[in-house]
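Reminder, nothing fancy here: chain letters follow the sequence lines and each chain counts from 1. Side chains are part of it too, since the values below use all heavy atoms of this structure and drop only hydrogens, waters and symmetry mates.
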Amino acid sequence: MTKQLNIRDQAVWIMLVVITLIFSFAVENFATFGNFITILRQVAIIGILAMGMSFVLIAGGIDLSVGSTLALVGMVTALAMTTYQLPIEVAFILGLMIGIAIGAVNGIMVTITNMSPLIMTLGMSYVARGLAYMTNNGYPVYELPPSIKVIGQGYIFDTIPVPVVITAVIIILGTFVFNKTHLGRQIYALGGNSEAARLSGIAINQVRILAYMISGGLAAVAGIVMMSRVNSGQPLAGNGLEMDALIACVVGGISVQGGQGKAVGVIGGMFVMGVLANGMAIAGLSDYQQMVVKGGVLILVVAVDSYSRTGSLMGWLRQGK
Amino acid sequence: MDKDSVLELKNITKSFPGVPRALDGVSVSFARGKVHALMGENGAGKSTLIKTLSAAHMPNSGEIYLNGKLIENMTPHMALKLGIGVIYQEFNLVPALSVAENVFLGDMPGNMVTIDRAEVERKTAEIFKEIEVDIDPRALVQDLTIAYKQLVEIAKALSRKVQILILDEPTAALTASEAESLFRIIDRLKVRGVTIIYVSHRFSEIFRIADSITVMRDGRVVQVTDAKDIDRNGLIRAMVGRDVSDAYPRRDFPVGDVVLELKGVGGGIVENVNFAVRKGEIVGLGGLVGAGRTEVMRMVFAADKRDTGHILLDGDEIAPTSPKHAVALGIGMLPEDRKHQGLFLELPIKWNITMAILRKLSVATVLNKAKENTLVSDLIKRMGVKTPTPMQLPRNLSGGNQQKVGVCKWLAAGSRVMIFDEPTRGVDVGARREIYTQMNDLCRQGIAIVMISSDMEELLGMSDRIVVMSEGEQTRILEKDEFSQEAVLFHASTAK
């Protein structure tokens, strides 16, 4: 079966190739195997968050609470293992449950009250961040069991970092859900046209809530990986990562309008973000300069997409209508 | 040219993709200070004509003269400045602003920076006084009833020194007494020399207010007459114009037992609807726009809440709680608004077709794609959907092909009762015939069909029985030997 070539889905790969080439030629020490692994490790957490975010975005929503959820889960899991001396597995499951519960609250509130998901999850990001501070009076949690270090800092075959493997597994699973299961199809349907989805007999409320739960659950996974990587629970962890995840999704061709984009695009978006950050850092750009570039990339990508869809500036010239 | 004529159209044509002759050489003139009724069936070209007058559409050819002067390349802004105002069924008001601010929106008195609020309110009050209406200019529009909102729209037009006021079905949402006060205001506007172009399906009000009646059909003006020279039957004949042709393939097989039965169904504007549909039968739902036909069927499909009555499927009472439940019971619905409720324009045709049967297609949540592909290509072939690939997006299809995709979805779902809401709206003639053939095919397979249609020919040509509704109530069930356009229109305009 011939598939239509969709510029929107391909753009991210072209972009990735172009910036990789630019950095390879312009920046010394960029195009090395070691640096490639570094980039992988840097993008791993954003990749997990972005995969979760893509469920919500394609379902026609947005989840700005994932960065704070990551911190709260890290704190609770760390405390469970230290202060409360729970077994590691139990602590991890507890962390996961908290992430999923936060997603469920987001989804249920948006569904019942019909409020803007932007506001709901923004509010939730404050709530979760506040709770993360409250769990240990604002202090980080140290002295975690040494065995968890492997999740954040270990390597497989001495080369591939474990977080990268976790991210890869999650992306494969996510892609599987989108491409092969009826839930994936229903999420596209919900984001594409929620009324048509309802009238096709799809239980749109359940599907929407489930999408938020997946996002929350993956934020929890990211939180556990992050906690293991820094070997502590940090209440400030993941600050602003929801934006990085969102940018990765949008750059990867997932529309904030819902119903559009491919899960594999998340991989591309995640690498574009990673290559940019890494290349700029090696080139000696400051964090501040990097922020300007990241924001610029987001605006550029969305601007090109919106412009190519309306086709011309005429809509603007004709004053609205 | 006529001396009294304020607005004259000469040979206006307008075509759209899929509708080659929306306006087909329309020439008509409107006299100053008169009420011109514009009548015609749905799709006759009334809306296109109005939109051409207000410059929402650019005609392909033809000339528009205002006060004897040729107007070229009219823009919506120009139309307003020239004194052509349109009041659509959906108002263009800002709910959170006051009445006065709405009246002068875009044209506020004051200097560059500040608005002279007192002046705005004084001027608004003046306009209301002139048309003898009592509305507080400081009230918020969101607190007004529909009738008052409409008056705010009229005041808005008057504030712009309107010469020609076009009203599109203005009484559709008004009560009888509200409508009567609107008519009195129209009388007053006439005295002031304002020309009114009045679009309506309601005969009684046309005869109450119109001086002249213009009837359109198939994009042409077929009759212009003084209101006093024509009666209701004459108007109906002019609107319909021709006999029901053989465009409708015959069905010659016996109908079976009752499949779906409605007993006293009510909710919202709908009250006490009773009818039954048998296996292999098409029951038409006729009536004016807003008569409650769509609302009844949406309740059957559980898309909207039902308050009263019983729904029986094969003689057993069912109480679907959600469209999902209704689909599981074997009911399918093709909604009236294909683009917003029926299709996923940005998702592949294939996905659209299997959307209602995702669960059936999957084993342990994993979709069986081979099965899906076979099913989809069979259905595409069977319905004759013209597309290069099942992965094509529906938004690239013609209206007729889009509708076929919608039919495919419910064929795939194996629905036993199918609700077609305006099945051929925006569908070209060729594809219509294919959809009719498909509907007959469904009947032959024993599916019971309810068809809501505002297309008179289609309603008479396709239905086995016609349930006529008016203002939320069922006024009559017409059997085949009673079918006539006059009968449908008569019962559709019967007031409570």
query: Which of residues 196-204 of chain A have a heavy atom under 4.5 Å from any heavy atom of chain B?
result: A:Ala196, A:Ala197, A:Arg198, A:Leu199, A:Ser200, A:Gly201, A:Ile202, A:Ala203
Neighbours of chain B found in residues 163-189 of chain A - heavy atoms under 4.5 Å: A:Phe176, A:Asn179, A:Lys180, A:Thr181, A:His182, A:Arg185, A:Gln186, A:Tyr188, A:Ala189
Answer with side chain, backbone, both or neither: which region of [X] has an atom nearer than 4.5 Å to a non-hydrogen atom of chain A?
{"X": "B:His325", "value": "neither"}
{"X": "B:Arg359", "value": "both"}
{"X": "B:Ser362", "value": "side chain"}
{"X": "B:Thr75", "value": "neither"}
{"X": "B:Ala326", "value": "neither"}

Got [X] and [Y] here, is their nearest side-chain heavy-atom distance under 4.5 Å?
{"X": "A:Leu64", "Y": "A:Met243", "result": "yes"}
{"X": "A:Val56", "Y": "A:Thr121", "result": "no"}
{"X": "B:Asp421", "Y": "B:Leu334", "result": "no"}
{"X": "B:Glu422", "Y": "B:Arg338", "result": "no"}
{"X": "B:Leu345", "Y": "A:Asn193", "result": "no"}
{"X": "B:Gln438", "Y": "B:Arg382", "result": "yes"}
{"X": "A:Met120", "Y": "A:Val105", "result": "yes"}
{"X": "A:Met115", "Y": "A:Met109", "result": "yes"}

message: Tell me whether B:Gln341 contacts the main-chain N or O of B:Glu336 through its side chain, where contact means a donor paired with an acceptor under 3.5 Å.
response: no
- request: Could you tell me whether a side-chain N or O of B:Thr387 sits under 3.5 Å from a main-chain N or O of B:Thr389, the two making a donor and an acceptor?
  value: yes
task: Please determine, by modelled atom types, if B:Lys156 and B:Asn102 share a side-chain donor-acceptor pair under 3.5 angstrom.
output: no
task: With a 4.5 Å cut-off on heavy-atom pairs, point out which of B:Leu347, B:Val366, B:Ile357, B:Leu367 contacts chain A the most.
output: B:Leu367
field: Residue among B:Leu361, B:Asn352, B:Leu343, B:Thr354 with most heavy-atom pairs under 4.5 Å to chain A
entry: B:Leu343
message: With rounding to the nearest 0.5 angstrom, report the OG1 to NZ distance, B:Thr48 to B:Lys14.
response: 9.0 Å
- prompt: More than 12 non-hydrogen atoms from neighbouring residues, nucleotides or ligands closer than 6.0 Å to NZ on B:Lys81, yes or no?
  reply: no
